[in-house]
Engineer: 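Below is the structure I would like to discuss, written out as structure tokens.
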Amino acid sequence: KMSASNLKPFTVLVEGNIGSGKTTFLEHFQQFQDITLLTEPVEEWRNLKGWNLLDLMYKDPAKWAMTFQSYVTMTMLDMHRRPTSTPVKLMERSLYSARYCFVEHMMRNGTLHPAQFAVLDEWFRFIHREIPIDVDLIVYLKTTPQVVHDRIKKRARSEEQCVPLSYIEELHKLHEDWLVNRTFAECPAPVLMIDADLDLSQITEEYKKSEHQILKRAVDVVMQ
Ligand SMILES: Cc1cc2cn([C@H]3C[C@H](O)[C@@H](CO)O3)c(=O)nc2[nH]1
């Protein structure tokens, strides 16, 4: 029974590298009224009381990565905890990709000082232990670094223009280790992989496949 104030909607995390088409994927599901879409709050990261934390972070990572990632953590927790009245909730990225992809990368490459990493890691562990975060499915938009690097250039989001291919490659490897190889971190839900290298015209077929899986699983879960 799909109660109106749905306490535990079927929650899907949409994960993938920068430029992998997450926002486009979410927009595809706007056609369904039974789904709440929560896109990544990039605009909040670009304007917190007038401060563009995203730009500050890209311009001087050593100085601003900690500030940026701690604000990202708060905005992600806000999204996880957002009550929805629909039976299905799609979220762009998560506390998990925040910790296992971005923070992990910034610690490994020395952008985050070990003491800063320790604080962010403790925040993640505390939240993970004390606050129920429900995830039922992860849709992984799998891409190759060169393809998304070209898209980032085309998309021309100003803050990202200096992002080197090496950064995209490292983020790709962390997504693969987390969601595919399962080498270093827990995966909180089953993973549905989508070939997101496909360009817009071809990818709608790919989305339709996931549509069936998402809506079918959602019905199974909610009708239990
Ligand atoms: C959870 C999470 C999302 C996220 C995005 N970003 C960056 C990558 C992109 O340039 C931009 C929008 O996704 O923000 C980041 O540095 N750290 C993040 N952590």
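Keep in mind that this is a model prediction, so the values were computed, not measured.
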Engineer: Would you tabulate the side-chain donor-acceptor contacts of residues 185-195 under 3.5 Å, counting partners in other chains and residues two or more places apart, or write 'none'?
Structural biologist:
{"residue": "E186", "atom": "OE2", "partner": "Y100", "partner atom": "OH", "Å": "3.1"}
{"residue": "E186", "atom": "OE2", "partner": "H128", "partner atom": "NE2", "Å": "3.0"}
{"residue": "D195", "atom": "OD1", "partner": "D197", "partner atom": "N", "Å": "3.0"}

Engineer: If you compare all heavy atoms of Q161 against all heavy atoms of A156, which two are closest, and at what distance to 0.1 Å?
Structural biologist: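 Where Q161 meets A156 most closely, the heavy atoms are NE2-CA, 3.1 Å.
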
Engineer: Using the side chain to side chain contact (heavy atoms under 4.5 Å, CB included) criterion, which residues pair with A118? Sequence neighbours excluded.
Structural biologist: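 Result, side chain to side chain contact (heavy atoms under 4.5 Å, CB included) vs A118: none returned.
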
Engineer: Rounded to the nearest 0.5 Å, what separates atom CE in M76 from atom CD1 in I127?
Structural biologist: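 Atom-to-atom, M76:CE and I127:CD1 are 12.0 Å apart.
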
Engineer: Have H149 and E169 got a donor and an acceptor in their side chains that come within less than 3.5 Å?
Structural biologist: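 The criterion, which ignores hydrogens and geometry beyond distance, is not satisfied for E169 and H149.
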
Engineer: I'd like to know if E205 and K208 make a salt bridge, using a cut-off of under 4.0 Å between side-chain N and carboxylate O.
Structural biologist: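 Result for this pair is no, no salt bridge flagged.
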
Engineer: Could you tell me whether E159 and R46 have a side-chain N and a carboxylate O separated by less than 4.0 Å?
Structural biologist: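 The answer is yes: the pair qualifies as a salt bridge.
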
Engineer: If only side-chain N and O atoms count, and only distance matters, is there a donor-acceptor pair under 3.5 Å linking T36 with T86?
Structural biologist: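 Side-chain D/A pair, T86 to T36: present.
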
Engineer: Would E104 and R108 pass as an ion pair if we require N to O under 4.0 Å?
Structural biologist: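 A salt bridge links E104 with R108.
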
Engineer: More than 12 heavy atoms of other residues, nucleotides or ligands under 6.0 Å from CH2 of W45: is that the case?
Structural biologist: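 Enclosed.
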
Engineer: State plainly whether the residues K154 and D150 are in salt-bridge range, i.e. N to O under 4.0 Å.
Structural biologist: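 Salt bridge flag = no for D150 with K154.
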
Engineer: Going from CE on M74 to CG on D78, what distance comes out if it is rounded to the nearest 0.5 angstrom?
Structural biologist: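 One gets 6.0 Å once the value is rounded to the nearest 0.5 Å.
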
Engineer: Test of understanding: with salt bridge (charged side-chain N to carboxylate O under 4.0 Å, His left out), list the residues that count as partners of E15, not counting sequence neighbours.
Structural biologist: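 Scan of E15 (salt bridge (charged side-chain N to carboxylate O under 4.0 Å, His left out), adjacent residues dropped) gives none.
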
Engineer: Ion pair present between R157 and E160, side-chain N to carboxylate O less than 4.0 angstrom?
Structural biologist: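 Salt bridge present between R157 and E160.
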
Engineer: State the CD1-OG1 distance between I138 and T11, to the nearest 0.5 angstrom.
Structural biologist: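 These two atoms lie 11.5 Å from each other.
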
